[in-house]
Amino acid sequence: MIVSPSLLSADFGNLARDLEMINQSKAQMLHLDVMDGVFVPNISFGFPVIKYVQQLCKKPLDVHLMIVEPQKFVNEVRDCGAAIMNVHYEACNHLDRVVQQIHDAGMKAGVTINPATPVCLLRDIVAQLDLVLLMSVNPGFGGQKFIPNTLNKVRELRALMAETGSRAVIEVDGGVNDVTGKQLAAAGADVLVAGNYVFKDTDPLKAIETLYNL
């Protein structure tokens with residue numbers, strides 16, 4: 001299993017320490033949630049923090065923009081060293097164009113859908129994507145309870161990808177732990193984003209390894 005710890009749950013007073021832990025761990029990516037207080041009811045961090053993280057983190061950065069009009073910031077995300085730029089289906093009026101912009105900037109393109117957004121809406125774009133993120137909580141805050149219907153959405157997305165020939169990886173974010181992670185792995189998920197489960201554990205390296213071995 002690919003593990004992508006969520007920076008949102010890190011200790012920002014000891015960010016360099018937490019990033020070194022990520023470097024030493026079995027995590028294959030680092031997930032960064034950028035929130036604007038408009039698209040989601042919270043504000044997190046911006047490009048200066050991402051640039052700082054990129055300087056210290058040896059893992060590819062998966063930058064998840066929980067913001068309105070993410071297409072305005074493609075170049076900024078690229079210049080921060082992101083490997084993946086992830087935008088919300090619900091925030092993009094012209095999603096095909098945004099995906100092309102991300103690819104043209106040299107990044108992998110990810111698209112996220114919220115819990116109430118049907119998987120079928122991705123049919124015409126999924127073959128162009130490198131990653132699809134299914135939110136298993138309503139976006140905006142860490143520490144929420146996993147929404148069980150996400151398991152059905154993972155299975156549905158896996159079937160849709162088979163129909164369309166998509167090679168995208170399936171990522172899930174929200175309420176991920178050893179129990180829900182095992183269920184998601186069985187359903188067909190490829191990448192698990194975990195925040196509190198990793199950073200609030202007394203042994204975060206072991207927590208990451210647990211998910212990695214699912």
Side-chain angles (χ1 to χ4, degrees), residues 4-12 15 18 29-54 61-78 80 82-95 97-99 101-102 107-119 121-122 125 129-151 153-154 157 168-177 180 184 189 191-200:
S4 186
S6 175
L7 189 73
L8 193 64
S9 297
D11 181 353
F12 280 77
L15 196 52
D18 283 1
M29 299 193 298
L30 180 63
H31 193 84
L32 290 83
D33 290 312
V34 179
M35 305 180 186
D36 62 359
V38 179
F39 182 70
V40 293
N42 197 8
I43 295 174
S44 58
F45 49 79
F47 299 124
V49 171
I50 300 174
K51 288 180 179 178
Y52 175 74
V53 170
Q54 194 274 334
L61 302 186
D62 173 16
V63 178
H64 177 194
L65 298 185
M66 299 181 179
I67 67 173
V68 297
E69 300 184 312
Q71 70 276 7
K72 292 182 176 180
F73 303 102
V74 174
N75 290 339
E76 286 84 352
V77 173
R78 176 200 61 201
C80 287
I84 303 169
M85 178 171 169
N86 199 329
V87 300
H88 270 260
Y89 173 93
E90 302 86 359
C92 298
N93 291 329
H94 305 287
L95 185 58
R97 180 183 299 161
V98 178
V99 169
Q101 286 179 277
I102 295 170
M107 295 178 287
K108 292 183 178 180
V111 168
T112 302
I113 60 173
N114 285 332
T117 301
V119 167
L121 295 177
L122 297 176
I125 193 70
L129 303 180
D130 302 291
L131 179 148
V132 176
L133 170 56
L134 301 178
M135 291 301 302
S136 44
V137 298
N138 288 295
F141 299 94
Q144 298 184 64
K145 187 177 180 180
F146 179 81
I147 297 174
N149 187 54
T150 308
L151 297 172
K153 294 181 76 172
V154 172
L157 178 56
V169 296
I170 299 176
E171 184 176 60
V172 181
D173 181 7
V176 171
N177 53 41
T180 58
L184 288 164
V191 184
L192 298 179
V193 176
N196 283 355
Y197 178 73
V198 169
F199 288 102
K200 305 307 180 186

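For this chain, numbers begin at 1 and follow the sequence in order.
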How close do [X] and [Y] get, counting heavy atoms only, and between which atoms?
X	Y	value
Ile84	Gly110	CG2-N, 4.3 Å
Ala91	Ile67	CB-O, 3.4 Å
Ile102	Val74	CA-CG1, 4.2 Å
Val49	Phe12	CG1-CE2, 4.3 Å
Cys92	Pro70	SG-CG, 3.7 Å
Asp36	Val68	OD2-N, 2.9 Å

Query raised in the report: Which of these passes side chain to side chain contact (heavy atoms under 4.5 Å, CB included) with Ser4: Leu192, Val193, Leu32?
Result: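 Exactly one option meets the side chain to side chain contact (heavy atoms under 4.5 Å, CB included) with Ser4, and it is Val193.
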Query - Gln71 and its side chain to side chain contact (heavy atoms under 4.5 Å, CB included) partner, picked from Leu65, Val87, Val98, Asn93 - result: Val98
Give, for atom [atom1] of [X] and atom [atom2] of [Y], the distance between the pair rounded to the nearest 0.5 Å.
X	Y	atom1	atom2	result
Glu76	Met85	CD	CE	9.0 Å
Gln54	Leu30	CD	CG	11.0 Å
Thr117	Tyr89	OG1	OH	7.5 Å
Asn114	Met66	CG	CE	8.0 Å
Phe73	Cys80	CZ	SG	11.5 Å
Ile113	Leu122	CD1	CG	5.0 Å

Identify each donor-acceptor pair in which a side-chain atom of residues 136-144 lies under 3.5 Å from a protein atom, sequence neighbours left out, and give them as a table.
{"from": "Ser136", "atom 1": "OG", "to": "Asp173", "atom 2": "O", "distance (Å)": "2.9"}
{"from": "Ser136", "atom 1": "OG", "to": "Gly174", "atom 2": "N", "distance (Å)": "3.3"}
{"from": "Ser136", "atom 1": "OG", "to": "Gly174", "atom 2": "O", "distance (Å)": "2.6"}
{"from": "Gln144", "atom 1": "NE2", "to": "Asn138", "atom 2": "O", "distance (Å)": "2.6"}
{"from": "Gln144", "atom 1": "NE2", "to": "Phe141", "atom 2": "O", "distance (Å)": "2.9"}

Quick check: do [X] and [Y] have side-chain heavy atoms less than 4.5 Å from each other?
X	Y	result
Leu15	Leu7	yes
Asn42	Asp33	no
Asn149	Pro115	no
Val169	Asp130	no
Leu184	Phe146	yes
Val53	Ile50	no
Val191	His31	no

Report task. Decide yes or no on side-chain contact (heavy atoms from CB on, under 4.5 Å) for Glu171 and Asp62, but give the supporting numbers first. Result -> CA-CA 11 Å; Glu171 184 176 60; Asp62 173 16; 2.8 Å; yes
Report task. For Thr112, enumerate each residue passing the side-chain contact (heavy atoms from CB on, under 4.5 Å) test, keeping only those at least two apart in sequence or located in another chain. Result ->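 Partners of Thr112 by the side-chain contact (heavy atoms from CB on, under 4.5 Å) criterion, ordered by chain and then number, come out as His64, Asn86, His88, Leu133, Met135.
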Requested in this report: Go through the steps to decide whether Asp11 and Phe199 satisfy the test side-chain contact (heavy atoms from CB on, under 4.5 Å), and finish with yes or no.
Outcome: CA-CA 8 Å; Asp11 181 353; Phe199 288 102; over 6 Å; no
Query raised in the report: Given the rule in the side-chain contact (heavy atoms from CB on, under 4.5 Å) test, do Val198 and Ser9 qualify, once you have shown the distances and angles that lead to the verdict?
Result: CA-CA 8 Å; Val198 169; Ser9 297; over 6 Å; no
